[in-house]
Amino acid sequence: MKYYINTYGCQMNVHESEKLAGILEEMGYTLADSDKTADVVVFNTCAIRESAEQKIFGNIGMLKSVKAANPNMIIAVCGCMSQQKGYPEMIVKKYPYVDIIFGTHNLAKFKEFLNKKKSQKRVVEVVETEDIKLRDSMEATRTSGTNAWVNITYGCNNFCTYCIVPYVRGREVSRPMQDIIDEVEKLLKKGFKQITLLGQNVNSYGNDIDDEKVNFANLLRELDKLDYKYRLRFMTSHPKDLSKEVIDAMANGKHICHYLHLPVQSGSDEILKKMNRHYDTKRYFSVIDMARKAMPDIEFSSDIIVGFPGETEEDFEDTINLVKKVRYQQLFTFIYSKRKGTVAEKMPNQVDIKTKKQRLSKLIEIEREIATEISQKYLGKKVEVLVEGIHPKKKGYLMGSTDFGKTISFEGDENLLGSFVSVLVDKANHTTLSGKIVDVLDKSNSEYNLPKDKVRRK
Ligand code: SAH
Ligand code: SF4
Ligand code: F3S
């Protein structure tokens, strides 16, 4: 019996698909080459923007004829889209051949749903709350090569006015600190070389736990004590909560990467207020300055939304100016998308799509120039690289990433996977560096399963 998982959205979903894969593999399923040849197909969905939803519906639609030819195929739809009000009913109506629908709070019951389906026409179970211990106890089939994802919080309390996440993921819940430390240590023992902590706002980790010592800075410091050669990353940081203590922990750490994904969303104070972000640009710049002072070699990335309701040309210019001032190594740019049930849905002065598209391309163009200049800083320099995979196109070449989060390619043997090497950079463009290995700093002796691509993100 074969399975296939189509994953959409953020790293949270990628990791949750790994957990669903864990259940399926334990039940004896193996990975199929494509969803068309699988006995169980899962759509782990995202609801962040309308475009994401349309893509998912299109892909579910494409399975109609496949399922008609193979009626035993089981199709399950789960994740953030299923969790939205009215969606399960709508999916049943438009795609009656979907067999199982569940939400973000009950993925631990997937095996039960599959068993129920044997005696039922369809299983639809979406609930509002969950026991996070159940989810934590799920064994993941890791699919990201040298990197392992580790949840530290679930849900979000911030209610940015454009965002659907708090509605589909529920309130923020932190995992106990010792559970996280134990999981990380287990992963490092197994040979993982990079740990990425996950939360919608990692900086508020521990706010819901009645113990002063349980906070993000202390969690970083505790994890940094683990005596293995590894990298520690985290996402996402919220500019309102990122503290000096966290920056100091980063600066003083042995393992914590000098890289910050710090979504700003807009460079206009007016818009930030309407977005309910709880910081202004002054605060944002002060965090950036604080981080740069503590770590002169740090690089930043960010998320920006263009065309939020009421965004004027001036507001957009403010965003451009902020981007030019901060100088991000990478930028994730989005056109504002109206989400049902959010505060911004009802805001006046929605921006027309033509203006949104123009703003997006202008922003991308400016960022491209900046990112190229940042990459070129590294020409002729040696950088420490974690070897993460085989180059998808160039034979004999490997791929990896720098501490500051840049992708880099270089010639080398497969047995270097999972090792740390020193690479002399000789080429640089806006997304990627390339160079030659000059030294092997730490040879991995773990036997690497190459990234199996079991969880393919779309
Ligand atoms: N919790 C993280 C990321 C949330 S989703 C954070 O606070 O940064 C990732 C990104 O999607 C957001 O940072 C935002 O830039 C974008 N996004 C969220 N809702 C959106 C919407 N309705 N339209 C367009 N982009 C959106
Ligand atoms: Fe959405 Fe804001 Fe929460 Fe991020 S912090 S998930 S943007 S509500
Ligand atoms: Fe992530 Fe999309 Fe859900 S971004 S939290 S999968 S809405």
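Indexing begins at 1, ligand by ligand and atom by atom, following the structure's order.
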*Asks:* Just distances here: any N/O of N201 and N/O of ligand 1 closer than 3.5 Å?
*Replies:*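 No; the residue has no nitrogen or oxygen that sits under 3.5 Å from a nitrogen or oxygen of the ligand.
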
*Asks:* Below the 3.5 angstrom mark, is there an N/O of Y162, backbone or side chain, next to an N/O of ligand 1?
*Replies:* yes

*Asks:* So F57 and Y87, would you call those rings parallel, tilted or perpendicular, with 30° and 60° as cut-offs?
*Replies:* parallel

*Asks:* Supply the atom-to-atom distance F316 CZ to N321 CG, rounded to the nearest 0.5 angstrom.
*Replies:* 10.0 Å

*Asks:* Within the 4.0 Å heavy-atom shell around N13, which atoms of ligand 3 are there?
*Replies:*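 In order of numbering, the contacting atoms are 6 (S).
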
*Asks:* Out of all atoms in ligand 1, which are within 4.0 Å of some heavy atom of R339? Include the element for each.
*Replies:*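 Contacts of ligand 1 toward R339, numbered from 1: 22 (N).
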
*Asks:* Which is it for E26 and T141 under the side-chain contact (heavy atoms from CB on, under 4.5 Å) test, yes or no, and what are the steps along the way?
*Replies:* CA-CA 10 Å; E26 199 214 78; T141 296; over 6 Å; no

*Asks:* Can a donor-acceptor pair be found, under 3.5 Å and without considering hydrogens, that links the side chain of R233 to the backbone of Y259?
*Replies:*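 No, R233 side chain to Y259 backbone: no donor-acceptor pair under 3.5 Å.
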
*Asks:* How long is the span from the CD1 atom in I370 to the CD atom in Q329, to the nearest 0.5 Å?
*Replies:*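 Here the rounded value is 12.5 Å.
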
*Asks:* F110 pairs by ring-ring contact (aromatic ring centres under 6.0 Å, His included) with which of Y3, F102, Y29?
*Replies:* F102

*Asks:* When you check the space around atom 2 (Fe) of ligand 2, which protein N, O or S atoms turn up under 2.8 Å?
*Replies:*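 Near atom 2 (Fe) of ligand 2, below 2.8 Å, one finds C160 SG.
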
*Asks:* Starting from atom 17 (N) of ligand 1, locate the nearest protein heavy atom and write down its residue, its atom name and how far away it is, to 0.1 Å.
*Replies:* R49 NH1, 3.5 Å

*Asks:* Please write down residue, atom name and distance for the protein heavy atom closest to atom 7 (S) of ligand 2.
*Replies:*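 Ranked first by proximity to atom 7 (S) of ligand 2 is Y162 OH, 3.4 Å.
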
*Asks:* Suppose I only count heavy atoms of P263 and a 4.0 Å limit; which atoms of ligand 1 are within that range?
*Replies:*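 Answer, ordered by atom number: 8 (O).
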
*Asks:* Between Y378 and F404, is there a side-chain heavy-atom distance shorter than 4.5 Å?
*Replies:*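 Contact flag for F404/Y378 side chains = yes.
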
*Asks:* With the threshold set at 4.0 Å, does a side-chain nitrogen-carboxylate oxygen contact exist between R221 and E245?
*Replies:* yes

*Asks:* Pick from E345, K338, K274, Q265: which one makes a side chain to side chain donor-acceptor pair (under 3.5 Å) with Y162?
*Replies:* Q265

*Asks:* Should you measure from each heavy atom of C46, which atoms of ligand 3 turn up under 4.0 Å away?
*Replies:* 2 (Fe), 4 (S), 6 (S), 7 (S)

*Asks:* At under 4.0 Å between heavy atoms, is it the side chain or the backbone of K356 that contacts ligand 1, or both, or neither?
*Replies:*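 K356 to ligand 1: no contact under 4.0 Å from either part.
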
*Asks:* Please report the interatomic distance CD1(I100) to CG(L114), rounded to the nearest 0.5 Å.
*Replies:* 4.5 Å

*Asks:* Ion pair present between E365 and K362, side-chain N to carboxylate O less than 4.0 angstrom?
*Replies:* no

*Asks:* Just verifying a value: how many Å separate I74 CD1 and K117 NZ, rounded to the nearest 0.5 Å?
*Replies:*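 That separation rounds to 6.0 Å.
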
*Asks:* Short list, please: which atoms of ligand 3 are under 4.0 Å from a heavy atom of Q200?
*Replies:* 5 (S)

*Asks:* Looking only at heavy atoms of R169, does any of them come nearer than 4.0 Å to an atom of ligand 3?
*Replies:* yes

*Asks:* With a cutoff of 4.0 Å, is V165 in contact with ligand 1, counting heavy atoms of the residue only?
*Replies:* no

*Asks:* For the atom pair CG (D318) and OG1 (T312), what is the distance rounded to the nearest 0.5 Å?
*Replies:*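 So the gap between those two atoms works out to 7.5 Å.
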
*Asks:* Check ligand 3 against C80 and write out every atom of the ligand that is under 4.0 Å from a heavy-atom position of the residue.
*Replies:* 3 (Fe), 5 (S), 6 (S), 7 (S)

*Asks:* Tell me, which protein residue and heavy-atom name are nearest atom 3 (C) of ligand 1, and how many Å apart are they?
*Replies:*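 Scanning the protein heavy atoms, the shortest distance from atom 3 (C) of ligand 1 goes to Q200 OE1, 3.8 Å.
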
*Asks:* Number the atoms of ligand 1 from 1 as they appear, then name those within less than 4.0 Å of a heavy atom of Q265, with their elements.
*Replies:*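 The list of qualifying atoms is 8 (O), 12 (C), 13 (O), 14 (C), 15 (O).
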
*Asks:* Please determine if H238 has a nitrogen or oxygen closer than 3.5 Å to a nitrogen or oxygen of ligand 1.
*Replies:* no

*Asks:* Taking only heavy atoms of R277 into account, list the atoms of ligand 1 that are under 4.0 Å away from them.
*Replies:*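 Listed by number with element: 7 (O).
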
*Asks:* If you measure from atom 12 (C) of ligand 1 to every heavy atom of V202, T342, V264, D303, which option wins on shortest distance?
*Replies:* D303

*Asks:* Taking side-chain contact (heavy atoms from CB on, under 4.5 Å) as the criterion, tell me which of N147, L188, L386 meets it with K193.
*Replies:* L386

*Asks:* Is I335 in contact with ligand 1, taking contact as a heavy-atom separation below 4.0 Å?
*Replies:* yes

*Asks:* Inspect the contact between E313 and R359 and indicate whether a charged nitrogen and a carboxylate oxygen are less than 4.0 angstrom apart.
*Replies:*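 Judged by the 4.0 Å cut-off on N to carboxylate O distance, R359 and E313 do form a salt bridge.
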
*Asks:* Just to check, does I48 reach to within less than 4.0 Å of ligand 1 when the distance is taken from its heavy atoms?
*Replies:*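 Heavy atoms of I48 do come under 4.0 Å of ligand 1.
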
*Asks:* Would you mind checking which non-hydrogen protein atom is closest to atom 1 (Fe) of ligand 3, with the distance to 0.1 Å?
*Replies:* C10 SG, 2.3 Å

*Asks:* Does any N or O of ligand 1 fall below 3.5 Å from an N or O anywhere on Y336, backbone included?
*Replies:* no

*Asks:* At a non-hydrogen distance cut-off of under 4.0 Å, which region of K338 contacts ligand 1 (side chain, backbone, both, or neither)?
*Replies:* neither

*Asks:* My understanding is that only one of T7, T143, N13 makes a side chain to side chain donor-acceptor pair (under 3.5 Å) with E18; could you say which?
*Replies:*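 Exactly one pass, corresponding to T143.
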
*Asks:* Is there a side-chain contact between E373 and H430 in this structure, where contact means two heavy atoms from C-beta onward sitting under 4.5 Å apart?
*Replies:* no

*Asks:* Would you mind listing which atoms of ligand 1 come within a distance below 4.0 Å of any non-hydrogen atom of T236?
*Replies:* 2 (C), 6 (C), 8 (O)

*Asks:* Which protein non-hydrogen atom lies closest to atom 22 (N) of ligand 1, naming both residue and atom, and how far is it?
*Replies:*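 That would be S337 O, 2.8 Å.
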
*Asks:* In Å, rounded to the nearest 0.5 Å, how long is the span from OG of S302 to CG of L331?
*Replies:*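 Going from OG on S302 over to CG on L331, the span is 6.0 Å.
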
*Asks:* Considering non-hydrogen atoms of the protein only, which is the closest contact for atom 7 (S) of ligand 3, and what is the distance?
*Replies:*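 Protein heavy atom with the smallest distance to atom 7 (S) of ligand 3: A47 N, 3.3 Å.
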
*Asks:* Should the pair F308 and Y336 be assigned to parallel (<30°), tilted (30 to 60°) or perpendicular (>60°) ring geometry?
*Replies:*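 Perpendicular: the ring planes of F308 and Y336 meet at over 60°.
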
